[in-house]
Asks: 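This is the structure, below, for whatever I ask next.
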Amino acid sequence: MDIMRYKYVRIQGKELARNTMFAKGVFSMCWQLIQNDVMIEEDADLYREIDSWFAEHLPYPPPCKNQESVVCWFKTENSDEMLKMIRPALWLLERYDHPYYIVFTNTPGEIVYEDKYQIAAKADARLIIEDPQPSWSPPED
């Protein structure tokens with residue numbers, strides 16, 4: 001698959017986020033595993049380190065802070081570093097048999113926020129996962 005023909009990528013699960021009614025993203029899925037006492041403490045600490053790195057390096061979109069009904073997507077053109085750093089979180093999801101999907105699109109809906117690495121678009125229930133098998137993985141170290 002030529003991923004560069006797509007502008008945006010998102011890692012998401014099956015369960016729906018309460019505020020958007022859209023599939024939860026990778027960060028929410030990992031936090032849910034911690035909050036439900038599924039992860040062992042060592043793995044929870046690993047995820048907290050991952051989350052801290054993202055909090056330091058990835059801007060937190062104002063629509064997310066305001067709990068608006070938006071969905072965030074990484075930009076494929078600038079996502080190599082972000083996707084490399086998310087790889088251990090995907091390993092944690094796999095370790096705990098938590099399914100996830102890697103979704104690419106050029107049409108994420110109405111974009112209401114944008115920075116160098118990501119966009120936030122209004123949640124759109126019309127976006128459907130057609131291929132539930134991840135066929136792409138983030139860059140290796």
Side-chain angles (χ1 to χ4, degrees), residues 1 3-141:
M1 174 187 337
I3 66 166
M4 292 313 292
R5 72 179 200 179
Y6 295 100
K7 294 179 186 177
Y8 310 107
V9 59
R10 176 176 167 79
I11 302 163
Q12 62 188 37
K14 290 181 178 181
E15 59 271 71
L16 301 179
R18 192 176 310 151
N19 67 325
T20 63
M21 295 310 292
F22 198 86
K24 285 185 178 184
V26 62
F27 299 104
S28 294
M29 289 186 292
C30 287
W31 277 117
Q32 182 178 356
L33 291 173
I34 292 171
Q35 292 165 349
N36 292 342
D37 291 323
V38 174
M39 276 191 200
I40 62 172
E41 195 58 34
E42 181 181 355
D43 291 344
D45 288 344
L46 169 62
Y47 180 70
R48 288 183 187 101
E49 287 179 31
I50 296 165
D51 191 62
S52 292
W53 187 91
F54 276 92
E56 183 178 330
H57 294 88
L58 186 67
Y60 193 55
C64 295
K65 287 181 189 174
N66 298 335
Q67 296 185 348
E68 295 174 30
S69 185
V70 296
V71 177
C72 293
W73 299 78
F74 286 118
K75 292 179 173 181
T76 56
E77 67 187 32
N78 295 328
S79 64
D80 285 351
E81 183 178 13
M82 298 295 153
L83 294 172
K84 177 181 169 187
M85 296 307 291
I86 204 74
R87 189 168 218 19
L90 301 182
W91 175 82
L92 288 169
L93 291 174
E94 291 168 11
R95 178 176 175 135
Y96 292 96
D97 296 321
H98 194 92
Y100 65 89
Y101 307 92
I102 299 174
V103 181
F104 292 90
T105 190
N106 287 326
T107 55
E110 181 184 342
I111 297 172
V112 294
Y113 171 83
E114 184 171 0
D115 62 43
K116 181 178 177 181
Y117 299 105
Q118 65 185 334
I119 58 134
K122 287 186 178 179
D124 185 348
R126 294 175 297 156
L127 292 174
I128 299 170
I129 300 171
E130 293 180 11
D131 180 5
Q133 298 301 315
S135 57
W136 174 85
S137 60
E140 304 260 342
D141 294 330

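Hydrogens, waters and symmetry mates are skipped; everything else that's a heavy atom, side chains included, is used. Every value quoted in this text rests on a predicted model; they were computed, and no experiment measured them.
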Asks: For P88 versus I50, what's the shortest heavy-atom pair and its separation?
Replies: CB-CD1, 3.5 Å
Asks: Going from CE on M82 to CG on L58, what distance comes out if it is rounded to the nearest 0.5 angstrom?
Replies: 5.0 Å
Asks: At what distance, to the nearest 0.5 angstrom, does CG of L83 lie from OG1 of T76?
Replies: 9.0 Å
Asks: Could you tell me if Q118 and Y113 have a donor-acceptor pair between their side chains, going purely by distance under 3.5 Å?
Replies: no
Asks: Determine, step by step, whether Y100 and L90 satisfy the side-chain contact (heavy atoms from CB on, under 4.5 Å) criterion, reporting the C-alpha distance in whole Å, the side-chain angles of both residues, the deciding distance to 0.1 Å, and the verdict.
Replies: CA-CA 8 Å; Y100 65 89; L90 301 182; 3.9 Å; yes
Asks: F22 vs V70, test: side-chain contact (heavy atoms from CB on, under 4.5 Å). Steps then yes/no.
Replies: CA-CA 9 Å; F22 198 86; V70 296; over 6 Å; no
Asks: Could you walk me through whether Y8 and I111 satisfy the side-chain contact (heavy atoms from CB on, under 4.5 Å) test, starting with their C-alpha distance in whole Å, then the side-chain angles of each, then the deciding distance to 0.1 Å, before giving a yes or no?
Replies: CA-CA 12 Å; Y8 310 107; I111 297 172; 3.5 Å; yes
Asks: NZ/K24 to CZ/R18 distance, rounded to the nearest 0.5 angstrom?
Replies: 7.5 Å
Asks: State, to 0.1 Å, how close A23 and L16 come at their nearest heavy-atom pair, and which atoms those are.
Replies: N-CD2, 3.7 Å
Asks: Do you know the tightest heavy-atom contact between K7 and N106?
Replies: N-OD1, 2.7 Å
Asks: Do L93 and Y47 come close enough that some side-chain heavy atom pair is under 4.5 Å?
Replies: no
Asks: To the nearest 0.5 Å, how far apart are CG in N36 and CH2 in W31?
Replies: 13.0 Å
Asks: With salt bridge (Lys or Arg N to Asp or Glu O under 4.0 Å) as the criterion, how do K122 and E110 come out once you've worked through the C-alpha distance, each side chain's angles and the decisive distance to 0.1 Å?
Replies: CA-CA 6 Å; K122 287 186 178 179; E110 181 184 342; 3.4 Å; yes
Asks: To the closest 0.5 Å, what do you measure between CZ (R95) and CE (M39)?
Replies: 9.5 Å
Asks: Between CZ of F27 and CD1 of I86, what distance do you get to the nearest 0.5 Å?
Replies: 3.5 Å
Asks: Do L33 and L92 have side-chain heavy atoms sitting under 4.5 Å apart?
Replies: no
Asks: Where do V9 and F104 come nearest, in terms of heavy atoms and distance?
Replies: CG2-CE2, 3.6 Å
Asks: Excluding sequence neighbours, so at least two apart, what forms side-chain hydrogen bond (donor to acceptor under 3.5 Å, both in side chains) with W53?
Replies: H57
Asks: Only one of E15, R10, K14 forms a side-chain contact (heavy atoms from CB on, under 4.5 Å) with Q12, so which one is it?
Replies: R10
Asks: The criterion is side-chain hydrogen bond (donor to acceptor under 3.5 Å, both in side chains); which residues satisfy it with R48, sequence neighbours excluded?
Replies: E41, D45
Asks: According to side-chain contact (heavy atoms from CB on, under 4.5 Å), who are the partners of N66, at least two apart in sequence or on a separate chain?
Replies: E68
Asks: Do any N or O atoms from the side chain of K75 and from the backbone of D115 form a donor-acceptor pair under 3.5 angstrom?
Replies: yes
Asks: Yes or no on side-chain contact (heavy atoms from CB on, under 4.5 Å) for D43 and W91, after CA distance, side-chain angles and deciding distance?
Replies: CA-CA 10 Å; D43 291 344; W91 175 82; 4.2 Å; yes
